[in-house]
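See structure below.
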There are 2 protein chains.
Amino acid sequence: MKTALDKARQDPESMKARILTVARRIFGDYGYHGTTTRMIAQEVGIDVSTLHYHWGDKKGLYEAVVLDINKDLGQSLRDVERMIHGKPLGERLAISIDVMTDYLFEHPEIANLILHRYFGRTREEAVQEIQVPEFTVDMARSMNLIRNQKEPTPRALLEVLAVVNGIYNFVSGEVFFRSIVHVDREVYITQVKEVLKFILIPAFVQREDKGDPGPA
Amino acid sequence: MKTALDKARQDPESMKARILTVARRIFGDYGYHGTTTRMIAQEVGIDVSTLHYHWGDKKGLYEAVVLDINKDLGQSLRDVERMIHGKPLGERLAISIDVMTDYLFEHPEIANLILHRYFGRTREEAVQEIQVPEFTVDMARSMNLIRNQKEPTPRALLEVLAVVNGIYNFVSGEVFFRSIVHVDREVYITQVKEVLKFILIPAFVQREDKGDPGPA
DNA sequence: AAATTGTTCCATCTAATGATTGAAGCATTG
DNA sequence: CAATGCTTCAATCATTAGATGGAACAATTT
């Protein structure tokens, strides 16, 4: 079955797809309440009524954006999982950090949207959820933080969250952080990857070297 | 000179102070655009016009909130700095993480507000800044990541940001993350501190042990 | 106690925002 | 090409949100 989202993706030049693309960026930058349908319409270069014609109300569009981003992020994570399969822990982490950081810097709206949903609230109730729980469990498994078929422990999940949040933060915080460290975008991205690997890898490797299987 | 903020702090039962306290929480939860002056007024139990009478327009109140939080956070950081003075690196980090995490879990609006300003944008221009740059440099110094009197390197600043962001994230993300890991608040806080120390300390200690003075 | 000043609320205004309507344009099909 | 359906926009409506004026009340001063 083709969903509305699928259809919008089919032809990236279709009005529906163009609106969705702009909506991702604006919702990511300004959050749900900080975004007006007029801002999106203006950016696309259309009338608001055209936007409503294609996507219904604001909440509907926002939910489409969230679903769209879930899809993209899920795909990326599966790609990474394939790349690191069978490699030793330190390498798995290094590759994951490199690849996911590059990917998210190319699509910062994804990190923006996720962080808005982590940390912010909305006056509307029951807006579509980001599938963070599922993704987190998958990653915990991929990091070998889960023994056998058992449920991941809270500790293992928190460790994964700490890792991925580190990436989201530096991507979404680029504008703000670059104003602190005074480097251009290219240098910033390079240094972020170095810092993330410097901080995130040793703890896990050290624990494994000790023969400690971790919190699983 | 007494500022309006000082006056509001004098008597925490004063209307002005009560409004400020509630405003901190609501702005932290919903962000600038997600918050309405009516929400704040209702929470305080007063009419909107009373709010405007004391704090002027919405932007003015928001700026007061940011200044107030800057003050609180700056004070806490100075407290921590005194506690860790002269101790070895690993211990300095462990104490900082424990103390700051506890403090922020008691005042989550601080972490909320900071993250909103890191990652979000506002349609209004020129809203008062969080003094993150200053704080970050201070912490870099306190973590001995700065050699002599020299300017901190971008690398050192990014390392500090990684550390503090880790804390902010788990505090502000409590509601969301706890829904993933299924633990109560008390367990969550304990585990967060353990995970943060587990991940953040080894990298820095390892580098020091190698005689590598770090990015300074 | 009268006068002054400070505080609060109700009613109301204005602007912004979400949303719809109906007409016009354009393509597709019978 | 006439009829149909799809897409777009200008105009407009309804609701919400920021803000204010003035009356009522309370506190303070004289």
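So you know, we letter chains A, B, ... as the sequences are listed, proteins then strands, and number each from 1. What's counted below: heavy atoms across the whole structure, side chains too, no hydrogens, waters or symmetry copies.
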For residues 36-43 of chain B, tabulate all N or O donor-acceptor pairs below 3.5 Å that involve a side-chain atom, not counting sequence neighbours.
{"unit_1": "B:T36", "atom_1": "OG1", "unit_2": "B:M39", "atom_2": "N", "d": "3.0"}
{"unit_1": "B:E43", "atom_1": "OE2", "unit_2": "B:R25", "atom_2": "NH2", "d": "2.3"}

Subject >> Residues which pass side chain to side chain contact (heavy atoms under 4.5 Å, CB included) with A:S96, listed by chain and number, not counting sequence neighbours >> reply: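 Listed in chain order: A:V80, A:I84.
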Original post:
Listed by chain and number, what are the side chain to side chain contact (heavy atoms under 4.5 Å, CB included) partners of B:R155, not counting sequence neighbours?
Top reply: A:Q191, A:E194, A:V195, A:F198, B:T153, B:E159, B:R207, B:P215
Original post:
Among pairs that include at least one residue of residues 172-183 of chain A, which meet salt bridge (Lys or Arg N to Asp or Glu O under 4.0 Å), considering only residues two or more places apart or in two chains?
Top reply: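 Every pair satisfying salt bridge (Lys or Arg N to Asp or Glu O under 4.0 Å) with a residue in residues 172-183 of chain A: A:E174-A:R178, A:E174-A:R185.
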**OP:** Using the salt bridge (Lys or Arg N to Asp or Glu O under 4.0 Å) rule, collect all pairs that involve residues 48-57 of chain A, keeping only residues at least two apart or in two chains.
**Re:**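 Passing the test, one end in residues 48-57 of chain A: no pairs.
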**OP:** Kindly calculate the angle separating the two end axes of the helix from C:dA1-D:dT30 to C:dG30-D:dC1, each obtained from five base pairs, and round it to 10 degrees.
**Re:**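 Helix axis angle between the two ends: 0°.
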**OP:** Could you pull out all residues at least two apart from A:E81 that satisfy salt bridge (charged side-chain N to carboxylate O under 4.0 Å, His left out)?
**Re:**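 Scan of A:E81 (salt bridge (charged side-chain N to carboxylate O under 4.0 Å, His left out), adjacent residues dropped) gives none.
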**OP:** Would you please name every residue forming a salt bridge (charged side-chain N to carboxylate O under 4.0 Å, His left out) with B:E109, sequence neighbours left out?
**Re:**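 Partners of B:E109 under the salt bridge (charged side-chain N to carboxylate O under 4.0 Å, His left out) test: B:R24.
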**OP:** May I ask you to verify if any side-chain N or O of A:H54 is less than 4.0 angstrom from the OP1 or OP2 atom of D:dT8?
**Re:** yes
Original post:
Base, backbone or nothing for each nucleotide of nucleotides 16-21 of chain C, written B, S, -, heavy atoms under 4.0 angstrom, 5' to 3'?
Top reply: -BBBBB
**OP:** Look only at the side chain of B:W55 and the backbone of B:G60, and say whether a donor-acceptor pair between them is shorter than 3.5 Å.
**Re:**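 Such a contact is absent between B:W55 side chain and B:G60 backbone.
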Original post:
Taking CE from B:M39 and C1' from D:dT16, how many angstroms apart are they, rounded to a whole number?
Top reply: 13 Å
